[in-house]
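To start, the structure under review is shown below, and the notes come after it.
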Amino acid sequence: MNEKIQHIADSEWEIPTNFVPGMRVPGRFFLSESLAKGLEEGALTQLANVATLPGILCNSLGMPDIHWGYGFPIGGVAAFDEETGIISPGGVGFDINCGVRMITTPLTLADIPDMKELVESLYETVPTGVGSKSPVRLSQNDLSSMLTDGAKNAVELGYGMKSDISRCEENGAMPGAEIEFVSKKARQRGVPQCGTLGSGNHFLEVQVIDEIADEATAKTFGVAEDQICVMIHCGSRGLGHQVCTDHLQVLEEATKKYGIRLPDRQLACAPLHSPEGEAYFGAMAASANYAWANRQVITHLVRELFAKKFGISYEEMPLVYDVAHNVAKWEEHDISCGGPRRRVCVHRKGATRAFGPGRKEIVQEFRDVGQPVIIPGSMGTSSYLLAGTAGAMEKTFGSTCHGAGRVQSRSSAKKNLTGDMVAHDLARRGIIVRAPNAAAIAEEAPDVYKPSSEVVQVVHDAGISRIVARFRPLGVIKG
DNA sequence: ATGTGC
């Protein structure tokens, strides 16, 4: 670990304000000693760079899955003051509202005689891979409604149940979407892609719950041991990517216009209430809503298949929850480093909201225990269901990690591994994987990620969320 | 992440 970094608690570290010139606040990150050994210097510098941005409050924060990203590190959280703060696409990421959701089923392992066949059917049912197109036909008008109303619109079009909506963060639709700031090009990319998984780390996975850590909370969330579940991890596809690209260009100009000095041009940003900042926010919120609709449509495709195959009803496959991993939001927070409770703009990039008990944003049925937090593992490692905590409200503006966190680049993974090798290893451990090509499997091998168990243990130990249940992978569809 | 790179 860099000598300037201070180890302030078991799994908490501080970056002092002299780490890079112009830091307004210290950096703070959460890592066990063993994970700290693997921390990239580049991610550390990025975390410090974020601390130079105007209006940043308390700390530039890093979750235990932190790694190098575009401008801001992935696994980064930063909250900005409404009056003096900025908004930055680099603090959200290219895949706006990349996120994850989980449905339960009434099935156990014994009910699935042929996992390979199920995985193959799922692969045929859910369009997968770069440039894949959806069976869903959207008109431009449909798309406009989707950008405004998110998952609710998908349900109105017949993809899902009314009860799904309140089980999504933001009820599946962020307020403040402004479709006039979504370019024609972005819309054109979005029309054929709603209901598609995408590629890279996106996946659809059949899992079984193999450990319950907190019986009472598990019961509240509606999950139990031995239950078969389906997890869906994807985002806003080409539409969100195009929105990010379009607005980065505008915000690079705005950075100059407003005289903001940056240590890295990838931190391009604008004051929160500037026309440029507001335009990005409106387009980002619209993209986030598209991502919720996308996950909602995929959920419907999965339910349709399971209903047919196993003779179960849609009502027996409720949504546990849906969380966003890449988004900036207006939220009210007590400012732990001082000052009155106020509205701030929280950027979470590769980080999950983890609101603790009592927050009004949490659906009534979960409000007393804290929001469900879903943390996907890598292809061969467990996923987790956690609950948000008061500790997250105090330390991280109500945030926690979002996944295992990559430790090896895609190119290096392809150099060291072949897809066949990885698929074979997984099969020996009882995990079926299906992808459009072998490279997609090699790039996502379990070895290129931190062990999800260690990452989740850090956020549990640090008190910024608490473990409720563990999910073992059985069958994976990769893009 | 992405119709994957000026």
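Lettering follows sequence order; numbering is per chain, from 1.
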So, A:E454 versus A:S32: side-chain donor-acceptor pair below 3.5 Å or not?
no
Just jot down the salt bridge (charged side-chain N to carboxylate O under 4.0 Å, His left out) partners of A:D81, sequence neighbours excluded, or say none.
A:R342
Determine the contact category for A:G93: base if any of its heavy atoms lies under 4.0 Å from a base atom, sugar-phosphate if only primed atoms, P, OP1 or OP2 are that close, otherwise nothing.
nothing
Both conditions, 6.0 Å and 45 degrees, for the charged tip of A:R167 above the ring of A:Y321: are they met here?
no
Could you state the CG-C1' distance from A:N294 to B:dT2, rounded to the nearest angstrom?
14 Å
Rounded to whole Å, the CD-P distance (A:Q249 to B:dC6) equals 13 Å
In whole Å, I'd like the distance from the CD atom of A:E444 to the C1' atom of B:dT4.
14 Å
Under the side chain to side chain contact (heavy atoms under 4.5 Å, CB included) rule, collect the residues that match up with A:P436, sequence neighbours excluded.
A:Y123, A:T128
To the nearest Å, how far apart are A:Y70 OH and B:dT4 C1'?
15 Å
Nearest-nucleotide comparison on DNA chain B, the residue closer to the 5′ end among A:D95 and A:V130
A:D95
Using a 4.0 Å heavy-atom cut-off across all strands, classify A:K185 as base, sugar-phosphate, or nothing.
base
Nearest-angstrom distance from the residue atom CD of A:Q188 to P of B:dT2:
18 Å
Can you confirm whether more than 12 heavy atoms, excluding those of A:R265, are under 6.0 Å from its CZ atom?
no
NA contact type, A:E443, heavy-atom cut-off 4.0 Å: base, sugar-phosphate, or nothing?
nothing
Name the nucleic acid region contacted by A:R410, choosing base, sugar-phosphate or nothing; use a 4.0 angstrom heavy-atom cut-off, strictly under.
sugar-phosphate
Can you tell me the distance, in whole Å, between the CZ atom of A:F94 and the C1' atom of B:dT2?
9 Å
Below 4.0 Å: OP1/OP2 of B:dT2 and any side-chain N or O of A:S199
yes
Would you mind reading off the distance between A:K478 atom NZ and B:dT2 atom C1', rounded to a whole angstrom?
15 Å
Taking atom C1' of B:dT2 as reference, at what distance in whole Å does atom CG of A:L239 sit?
12 Å
